[in-house]
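See below for the structure under consideration.
Whatever order the structure lists ligands and atoms in, that order sets their numbers, starting from 1. Index from 1, following the sequence. Side-chain atoms are counted along with the backbone in the values below, which use heavy atoms only and exclude waters and symmetry mates.
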Amino acid sequence: MPLWRPRSGRHPGWPTPVGPLRVDAGVIELRPPRLRDGSAWSRIRTEDQAILERWEPSAEVDWRTRHATSVWPGLLSGLRAEARAGRMLPYVIELDGSFCGQLTIGNVTHGALRSAWIGYWVHSAVTGGGVATGALALGLDHSFSAVGMHRMEATVRAENAASRRVLAKTGFREEGLLRRYLHVDGDWRDHLLVGLTVEDIGGSVVSRLIREGRASWS
Ligand code: ACO
């Protein structure tokens, strides 16, 4: 595979929808975010403030102001600009055709590194049904194939048992502890660094979930 192959104005793997995949909760798909996602994004993130704030980076502006529907268009154009520059692949996670969370692939680097980070959140109304695991598996397979990544990384707080389980189910290996890595929930928090390379996945992360009975093609 060539080290870097930009395609006439388009970056590899974007803006391609990924899936659909059936998990216990229903049928999930990753698709690029749209302007009309603003009201669902605002409603769900406002509802889940207490859950999300524990794990997400701190910001100067308070949660409600930062998640008003009117904020979405500016946020979306920032995500699209990063995507056009080839640095990011921002996805919405859909469950049975409705917005239920986000999955983001960031700091996409080509050349001899071919690496990126991946992160996600899912509406609390639908957690526990394999949505994050399925979405992460779809995002990883897409990153390793269409985007051409060799290594994927994520960071997670040790206390975030649900997310650590999601990472473990998709094959991530814990590689180290990043001391006082990120300002989250009022303080600088240690994070575990987890990683996965294309050699680790044995072809496809989704196939692994299917073999284990956690998912099926829809
Ligand atoms: N302790 C141990 N395991 C737990 C706990 C807990 N307190 N809560 C849930 N789990 C397990 C579930 O049982 C399940 O494992 P299983 O299939 O073996 O039973 C697993 O965690 C959850 O798997 P999914 O159902 O695929 O995940 P879900 O759709 O519920 O989403 C997520 C999980 C993304 C962590 C969601 O709860 C969320 O959005 N949380 C808030 C935001 C967040 O933490 N995002 C991740 C930040 S780190 C990162 O992005 C790399």
Side-chain angles (χ1 to χ4, degrees), residues 18-30 40-59 63 66-67 79 88-96 98-108 115-143 149 151-178 181-185 189-196 205-206 208-216 218:
V18 187
L21 184 71
R22 180 172 291 281
V23 295
D24 284 350
V27 175
I28 55 169
E29 185 165 27
L30 304 180
W41 170 83
S42 169
R43 179 179 51 77
I44 295 172
R45 302 243 338 150
T46 305
E47 229 172 82
D48 278 356
Q49 173 179 357
I51 295 164
L52 298 171
E53 236 176 359
R54 281 191 72 196
W55 314 118
E56 297 203 357
S58 311
W63 188 270
R66 191 147 60 90
H67 290 91
L79 294 174
M88 180 178 276
L89 289 89
Y91 282 108
V92 158
I93 307 171
E94 276 195 352
L95 175 65
D96 295 331
S98 297
F99 180 109
C100 80
Q102 288 175 278
L103 178 131
T104 308
I105 298 160
N107 198 22
V108 177
S115 158
W117 57 254
I118 193 159
Y120 43 81
W121 67 270
V122 169
H123 186 196
S124 63
V126 298
T127 49
V131 172
T133 305
L136 182 56
L138 288 171
L140 288 170
D141 280 356
H142 187 66
S143 301
M149 295 291 96
R151 177 183 158 85
M152 297 298 290
E153 292 184 350
T155 56
V156 63
R157 286 179 65 187
E159 301 88 338
N160 194 343
S163 184
R164 285 178 72 182
R165 180 76 190 118
V166 169
L167 293 163
K169 283 190 288 181
T170 48
F172 271 101
R173 144 185 82 233
E174 290 185 3
E175 294 183 336
L177 181 65
L178 306 172
Y181 174 67
L182 194 62
H183 203 279
V184 176
D185 200 20
R189 308 289 184 181
D190 293 351
H191 280 67
L192 294 164
L193 172 69
V194 300
L196 187 65
V205 184
V206 169
R208 171 188 165 146
L209 294 187
I210 292 173
R211 277 197 305 276
E212 292 172 353
R214 296 185 184 279
S216 58
S218 174

Given the rule in the side-chain contact (heavy atoms from CB on, under 4.5 Å) test, do Asp185 and Trp55 qualify, once you have shown the distances and angles that lead to the verdict?
-> CA-CA 7 Å; Asp185 200 20; Trp55 314 118; over 6 Å; no

Starting from atom 49 (C) of ligand 1, which protein heavy atom do you reach first, and at what distance in Å?
-> Tyr120 CZ, 3.8 Å

Which residue and heavy atom of the protein sit nearest atom 4 (C) of ligand 1, plus the separation = Ala162 CA, 3.9 Å

Tell me, which protein residue and heavy-atom name are nearest atom 23 (O) of ligand 1, and how many Å apart are they?
-> Lys169 NZ, 3.0 Å

Please examine the side chains of Val205 and Phe172, heavy atoms only from C-beta on, and report whether any two atoms are closer than 4.5 Å.
-> no

Look up atom 19 (O) of ligand 1 and tell me if a protein heavy atom lies less than 4.0 Å from it?
-> no

Name the closest protein heavy atom to atom 12 (C) of ligand 1, giving the residue it belongs to and the distance to 0.1 Å.
-> Arg165 CG, 4.7 Å

Backbone N/O of Ala116 and side chain of Asn107: donor-acceptor pair under 3.5 Å = no

Does the protein put a heavy atom less than 4.0 Å from atom 45 (N) of ligand 1?
-> yes

Sub-3.5 Å N/O-N/O distance, Gly130 and ligand 1 = yes

Those atoms of ligand 1 less than 4.0 Å from some heavy atom in Trp55 = 41 (C), 42 (C), 43 (C), 44 (O)

Check step by step if side-chain contact (heavy atoms from CB on, under 4.5 Å) holds for Ile93 and Leu30.
-> CA-CA 5 Å; Ile93 307 171; Leu30 304 180; 3.9 Å; yes

Checking Asp141 side chain against Val206 main chain: does a donor-acceptor pair fall under 3.5 Å?
-> yes

Answer with side chain, backbone, both or neither: which part of Leu52 has a heavy atom less than 4.0 angstrom from an atom of ligand 1?
-> side chain

Ala158 backbone acceptor or donor facing Arg164 side chain under 3.5 Å | yes

Residue, atom and distance of the protein heavy atom nearest atom 40 (N) of ligand 1 read Ile51 CG2, 4.4 Å

Ligand 1 to Asn160 polar contact by distance, N or O atoms, under 3.5 Å = yes

For Gly128, take its heavy atoms, then give the atoms of ligand 1 lying under 4.0 Å from any of them.
-> 25 (O), 28 (P), 30 (O)

Ligand 1 N/O within reach of Thr133 N/O, cut-off under 3.5 Å = yes

Going by the angle between their ring planes, with limits at 30° and 60°, are Tyr91 and His142 parallel, tilted or perpendicular?
-> perpendicular

Please report which non-hydrogen protein atom sits nearest to atom 6 (C) of ligand 1, along with the residue it belongs to and the distance in Å to one decimal place.
-> Ala161 CB, 3.8 Å

Within the side chain of Ser124, is there an N or O that forms a donor-acceptor pair under 3.5 Å with the backbone of Asp48?
-> no

N or O pair under 3.5 Å between Val156 and ligand 1 = no

Give the atoms of ligand 1, by number and element, whose distance to some non-hydrogen atom of Thr155 is under 4.0 Å.
-> 48 (S), 49 (C), 51 (C)

In terms of its nearest heavy atom to atom 38 (C) of ligand 1, the top option of Leu136, Val122, Thr104 is Val122

Nearest protein heavy atom with distance in Å, relative to atom 22 (C) of ligand 1 = Val166 CG2, 3.8 Å

Examine the proximity of ligand 1 to Arg214 and report which part, side chain or backbone, both or neither, has a heavy atom under 4.0 Å away.
-> side chain

Heavy-atom gap Arg164 to ligand 1 smaller than 4.0 Å | no

Donor-acceptor side-chain pairing of Gln102 and Trp121 below 3.5 angstrom | yes

Can you tell me which residue and heavy atom of the protein come closest to atom 32 (C) of ligand 1, and the distance to 0.1 Å?
-> Ala132 CB, 4.4 Å

Pair Leu103-Leu89, side-chain contact (heavy atoms from CB on, under 4.5 Å): steps then yes or no | CA-CA 9 Å; Leu103 178 131; Leu89 289 89; over 6 Å; no

Got Thr155 and Leu182 here, is their nearest side-chain heavy-atom distance under 4.5 Å?
-> no

Do NZ/NE/NH1/NH2 and the carboxylate oxygens of Glu56 and Arg45 come within less than 4.0 Å?
-> yes

